[in-house]
Each structure stands twice: as C-alpha cells, then as structure tokens.
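Working notes for the structure below.
As the structure is a prediction and not an experimental result, all values here were calculated from the model.
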Amino acid sequence: MTDKRITLAITGASGAPYALRLLELLVKAEYQVFVLISSAAKVVFATEEDMKIPARPDAAAAFFTQRFGAAKGQITVCGKEEWFSPVASGSAAPKQMVVCPCSTGSLSAIANGASDNLIERAADVVIKERGQLILVPREMPLSSIHLEHMLKLSQMGVTIMPAAPGFYHQPKSISDLVDFVVARILDHLGLDQQLMARWGYQHST
C-alpha cells in the first residue's frame, strides 16, 4: 500500500483501550493518522483510562504524539466541525477509516448519511469514494434498530467488526483481549501484525 494515511474516529462507546492500542500500532506502522474524537469519547476516556484529552485539536495532537512517540505531524487531530480538513473531502481524504469504538448513535448517523459532524462526514466520504470503512461497535444487547443499521452498512461494503474478543488464544490479561480485537482490525487493514496468531498457525519465537 502506497497511501499510508488513515482516519481513526473515536466515539462515545465503551472501549477506550481498543482505540489507544490501535492508534499506537498505526503510529508504529508509520501511518499518518487523522484522529477524530467526539465529546462523548472524551468522557469515556476519562472514565475508563483516567485520561483527560486536551480540548484544542493541536494540544490533543501533541498529547498523542508524545504518548506514542510519533513523528512530528504524524498525528493530526481534527475538530468536530473542521470542515476544511482533508477527511471532509473525497478529493483529499484517506481511503481507509476505522471508527473504534463506534457508538450506536454514530452507527445510526453513518447509516443514514447524517454528516452533522466531521466524524459522520468523514465516514460518508469513505463510503461514497468506495474506500474501506471499518466500524467497531461495542454494545449489548443489540436492538433491531442497531441490527438494521449494521445490515444496511454491510450491504454498502462497510465492515462491521464488533469488539467481541475470542478466547481460543487463552488470554491471560485484559491487554490480551484488547489485542485480539485490534489484531483483527489490522488484518482487515492489510497490516502485518504479530499480536495474535491466526487460527491454525503459531508465531515463531
């Protein structure tokens, strides 16, 4: 893949550890990452990770850059109404986007083309440009409304990847469970990953 750019949207579902681990590994893979964070996601980060994300996009970008040792300019954080950012336009947006975690509210808005904020618009752009969009919902139980939205998006070519870790790798920690889901996301993005052996294979040591 020559275009090593990707959009990572983080919304207000439970699952901050998934988003942090995914961002860490995208940085290690030398991707340029456009990060979009909803207001509800910041509340989740404070609750689950005791982490306060700076309000200003530039300060948030500096925060993540320092945390993950990213190169200068490798992480760009966009405000929710930053309509002139590259992710808002089909002529400039990355062809790959992951919403992790994906709230059912964001799922609904994306399924119906709402585009009321930059996360929804960025997802709409990837769909219309026939790019790769992966949604990682974390909700249970799922109502018929949620399932209908997932089916609608799946029929458009969107990958629905619930944050539902497996146990056949005999996880010993929460980090092992997080890595299971993140490894599957990386697999679908076409990135080599050493987090989790595929079924029937073992990583050499």
Side chain to side chain donor-acceptor pair (under 3.5 Å) filter on Ser89, not counting sequence neighbours, yields Ser91

Hits for side chain to side chain donor-acceptor pair (under 3.5 Å) against Ser144, two or more places apart or cross-chain, chain-then-number order -> none

- May I ask you to test the Leu26-Val98 pair for a side-chain heavy-atom distance under 4.5 Å? no

Closest heavy-atom pair, Val181 versus Ala164, reported as atoms and distance to 0.1 Å, is CG2-N, 4.1 Å

| Any sub-3.5 Å donor-acceptor pair from Asp176's side-chain atoms to Lys172's backbone N or O? | yes

What one should report as the nearest heavy-atom pair of Ala111 and Leu153 is CA-CD2, 3.7 Å

To the nearest 0.5 Å, atom CD of Glu148 lies from atom CG of Leu142 at 12.0 Å

Checklist entry - Is a donor on one side and an acceptor on the other found under 3.5 Å between the side chain of Gln193 and the backbone of Leu195? => result yes

Under 3.5 Å, side-chain donor or acceptor atoms of residues 14-24 against the rest of the protein: list the pairs with distances, not counting sequence neighbours.
{"residue": "Ser14", "atom": "OG", "partner": "Glu48", "partner atom": "OE2", "Å": "2.4"}
{"residue": "Arg21", "atom": "NE", "partner": "Asp179", "partner atom": "OD1", "Å": "2.7"}
{"residue": "Arg21", "atom": "NH1", "partner": "Glu24", "partner atom": "OE1", "Å": "3.1"}
{"residue": "Arg21", "atom": "NH1", "partner": "Glu24", "partner atom": "OE2", "Å": "3.2"}
{"residue": "Arg21", "atom": "NH2", "partner": "Asp179", "partner atom": "OD2", "Å": "3.4"}
{"residue": "Glu24", "atom": "OE2", "partner": "Lys28", "partner atom": "NZ", "Å": "3.4"}

Residues at least two apart in sequence or cross-chain that pass side chain to side chain contact (heavy atoms under 4.5 Å, CB included) with Asp192, listed by chain then number, are none

When rounded to the nearest 0.5 Å, the distance separating CG of Leu25 from CG of Leu191 is 9.0 Å

TODO: Examine distances only and state if a side-chain atom of Arg138 and a backbone atom of Ala163 form a donor-acceptor pair shorter than 3.5 Å.
DONE: no

Q | Shared hydrophobic cluster for Ile110 and Leu8 (ILVMFWY, side-chain gaps under 4.5 Å) | A | no

CD of Glu129 to CG of Asp124, rounded to nearest 0.5 Å, is 10.0 Å

For this session: Measure the shortest side-chain to side-chain distance between Glu120 and Asn117 over non-hydrogen atoms and say whether it is less than 4.5 angstrom.
Result: yes

CD1 of Ile185 to CD1 of Ile134, rounded to nearest 0.5 Å, is 6.5 Å

For Leu177, the side chain to side chain contact (heavy atoms under 4.5 Å, CB included) test, sequence neighbours excluded, returns Pro165, Phe167, Pro171

Does the side chain of Ile6 come within less than 4.5 Å of Met97's, by heavy atoms? no

Heavy atoms of Met150 and Pro137 approach each other most closely as CE-CG, 3.8 Å

Taken in chain and number order and not counting sequence neighbours, the residues that satisfy side chain to side chain donor-acceptor pair (under 3.5 Å) with Lys152 are Asn112

When rounded to the nearest 0.5 Å, the distance separating CZ of Arg130 from NZ of Lys95 is 11.5 Å

Between Val35 and Ile37, is any pair of side-chain heavy atoms under 4.5 Å apart? yes

Joining Ile, Leu, Val, Met, Phe, Trp and Tyr whenever any side-chain heavy atoms lie under 4.5 Å apart, the cluster holding Ile145 also takes in none

| query | Would His146 and Met140 satisfy side-chain contact (heavy atoms from CB on, under 4.5 Å), going step by step from the backbone distance to the final call? | reply | CA-CA 10 Å; His146 306 147; Met140 61 176 294; over 6 Å; no

Answer with yes or no whether the hydrophobic clustering places Val178 together with Ile10; edges join I, L, V, M, F, W, Y residues whose side-chain heavy atoms lie under 4.5 Å apart.
yes

For Phe180, the ring-ring contact (aromatic ring centres under 6.0 Å, His included) test, sequence neighbours excluded, returns Tyr168, His169

Value for CZ (Phe63) from NZ (Lys52), rounded to nearest 0.5 Å, stands at 10.5 Å

- Query: Do the side chains of Ile160 and Leu147 join up, straight or via other hydrophobic residues, at under 4.5 Å, putting them in one cluster?
  - Reply: yes

Cut-off 3.5 Å, no hydrogens considered: what does the side-chain donor-acceptor table look like for residues 99-108, sequence neighbours left out?
{"residue": "Ser103", "atom": "OG", "partner": "Ser106", "partner atom": "N", "Å": "3.1"}
{"residue": "Ser103", "atom": "OG", "partner": "Ser106", "partner atom": "OG", "Å": "3.0"}

| said: Closer than 3.5 angstrom, by distance alone: can the side chain of Thr47 be matched with the main-chain N or O of Val43 as a donor-acceptor pair? | reply: yes

- Query: If you group Ile, Leu, Val, Met, Phe, Trp and Tyr by side-chain heavy-atom gaps below 4.5 Å, do Ile119 and Phe34 land in one group?
  - Reply: yes

For Arg56, the side chain to side chain donor-acceptor pair (under 3.5 Å) test, sequence neighbours excluded, returns Asp58

Exercise. Apply side-chain contact (heavy atoms from CB on, under 4.5 Å) to Thr159 and Leu135, showing your working.
Key: CA-CA 6 Å; Thr159 300; Leu135 305 184; over 6 Å; no

- Task: With side-chain contact (heavy atoms from CB on, under 4.5 Å) as the test, would you mind laying out the steps for Asp50 and Phe45 before giving the verdict?
- Result: CA-CA 6 Å; Asp50 195 24; Phe45 268 76; over 6 Å; no

Apart from Phe84 itself, its cluster of hydrophobic side chains linked below 4.5 Å comprises none

For residues 69-80, please give each side-chain donor-acceptor pair under 3.5 Å, one per line with the distance, not counting sequence neighbours.
{"residue": "Gln74", "atom": "OE1", "partner": "Ala71", "partner atom": "N", "Å": "2.9"}
{"residue": "Gln74", "atom": "NE2", "partner": "Val27", "partner atom": "O", "Å": "3.0"}
{"residue": "Gln74", "atom": "NE2", "partner": "Tyr31", "partner atom": "O", "Å": "2.9"}

- prompt: Hey, does His188 have a side-chain heavy atom less than 4.5 Å from the side chain of Gln132?
  reply: yes

Would you kindly confirm whether Leu189 and Met161 end up in one hydrophobic cluster when ILVMFWY residues are joined by side chain heavy atoms under 4.5 Å apart? yes

Problem set entry | Sub-4.5 Å side-chain heavy-atom contact between Lys4 and Gln32 | no

